[in-house]
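FYI, side chains are in, hydrogens and waters are out, and symmetry mates aren't considered; it's all heavy atoms of this structure. Below, chains carry the letters A, B, ... as their sequence lines are ordered, and counting in each starts from 1.
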There are 2 protein chains.
Amino acid sequence: MKTSGYLRDVNYKEAREEFIQTWGSLGSTWGVNKTMAQIHAYLLSSDELVTTDQMMEDLQISRGNANMNVRTLVDWGLAYKQSKAGERMDYYAADKDVHSFAPKIARERRKRELEPAMRALSRLKGMELEGKEGKSFQKLVKELDDFTSLGDQFLRRYIEGERGWLTKLFMRMLK
Amino acid sequence: MKTSGYLRDVNYKEAREEFIQTWGSLGSTWGVNKTMAQIHAYLLSSDELVTTDQMMEDLQISRGNANMNVRTLVDWGLAYKQSKAGERMDYYAADKDVHSFAPKIARERRKRELEPAMRALSRLKGMELEGKEGKSFQKLVKELDDFTSLGDQFLRRYIEGERGWLTKLFMRMLK
DNA sequence: AATTATTTTCAGAAAATATTGAAAGTATGA
DNA sequence: TCATACTTTCAATATTTTCTGAAAATAATT
């Protein structure tokens, strides 16, 4: 028989390892640091609750790094801390449902990437500028502001909206 | 009279300066380096064609930096090189229309941020894993793949689609 | 209350990323 | 074809970001 216990175990481990590494390096391009993305992938792909020590061991990272990044995951609502009865150590698990955790990521990215831009634009929009240059600058600011506001409304709906909303919108869109 | 020539000129310059600085620091959170975002903001807020030397002077950056980042802007289609008749220096200007340049940014970000994730997921989806862990891993991969594919279809429409598409979709969405 | 287990913090080290500036490359035109 | 004006490249440097590890803090146990 080809798929011995040994072989299939290695397969799963390899697939998981690839997933974790890929997610980690993609994390950087998404404005999330490598370790945080790796821990997220690690928790997503784990059936069991895991401790900080297991993360340190499997991802080869320091205690401080593990602690800091798992905490951020918890802050974002992407992971949860759990206690096992009779044990002192903290265990962690991820929210596994993409339709539940993706909006949480969207919420954080909106906060970091969109809100400051909107604040800046609304400050600039409030200025009364004169002259040819001033006028076209104001036009630019207004257009950027309209555009980001549209994006913001969309994101808010997604973040706060009911589960199927995005999928429904896509269905309508494709028709 | 309150708005003397001097005053309103300073006003415009200050507003523009604030715009450039803000866009620059936001750039970092958007995966675009500070200088590139600053040059983009500088060109967006300029009525005239500008040379590399003007950028160097006004943004206080080196020639290499200016050259490299303005080239990337041109590569992305966010800026254009123009020659003035009888002059040797290269002049640059930005695409000022947000409904024209935003999809170009979306295109580049899709390429960098979404495509590699989709490639990784489709590679992982192709694996036949056994055991309880393997099965739930495959479920995870499938869900992530469905989700990213949906996002990809959406982005493609936006990137390739006609001008008003996004706004129309939003209108429908708000109803 | 003292000991032990566990988590958190944070200054400094390391890694990743961006920028400089001078040298090499190209195009123009005298 | 040589000189000049301008652009591009890239090794060295600077800056920013992330990570480490040991010390401090907190919590549980005896």
In terms of side-chain heavy atoms of A/Asn65, which of D/dC19, D/dA5, C/dT7 is nearest? D/dC19
Tell me what A/Asn33 touches on the nucleic acid: a base, only sugar-phosphate, or nothing, going by heavy atoms under 4.0 Å. sugar-phosphate
Heavy atoms only, 4.0 Å cut-off, all strands: where does A/Thr35 land among base, sugar-phosphate and nothing? sugar-phosphate
Looking at B/Lys135, I'd like to know if its NZ atom is crowded, meaning that more than 12 non-hydrogen atoms belonging to other residues, nucleotides or ligands lie closer than 6.0 Å. yes
Give the rounded distance in Å between these two atoms: NZ of B/Lys84 and C1' of D/dC6. 16 Å
Distance, rounded to the nearest Å, where A/Met89 contributes CE and C/dT8 contributes C1': 15 Å
Winner on side-chain proximity to A/Ser62, out of C/dT19, D/dG21, D/dT7, is D/dG21
Distance alone, cut at 3.5 Å: any donor-acceptor contact between the side chains of B/Gln38 and B/Gln21? yes
What's the CE-P distance between B/Met36 and C/dT19, to the nearest Å? 12 Å
Rounded to whole Å, the CD-P distance (A/Gln54 to C/dT7) equals 12 Å
Going by an N to O cut-off under 4.0 Å, is there a salt bridge joining A/Lys96 and B/Glu143? no
How many whole angstroms separate atom CE of B/Met56 from atom P of C/dG21? 9 Å
Rounded distance in Å - NZ (B/Lys81) to C1' (D/dC6): 10 Å
Rounded to whole Å, how long is the line connecting atom CG of B/Asn69 with atom C1' of C/dG21? 15 Å
Most 5' of A/Glu87 and B/Val32 on DNA chain C, judged by nearest nucleotide: A/Glu87
Within the 4.0 Å heavy-atom criterion, would you say B/Arg71 contacts the bases, only the backbone, or no part of the nucleic acid? sugar-phosphate
Which of the following nucleotides, D/dT7, C/dT20, C/dT28, is nearest to the side chain of B/Arg88? C/dT28
Side-chain N or O of A/Lys34 closer than 4.0 Å to phosphate OP1/OP2 of C/dA14: no
Aromatic ring proximity A/Phe154/B/Phe170, centre distance under 6.0 Å: yes
Determine whether the side chains of B/Arg16 and B/Ser45 contain a donor N or O and an acceptor N or O closer than 3.5 Å. yes
In this structure, how many angstroms lie between the P atom of D/dT26 and the CG atom of A/Asn67, rounded? 14 Å
Among the candidates C/dT20, C/dT6, D/dC6, find the nucleotide nearest to the side-chain atoms of B/Ile61. C/dT20
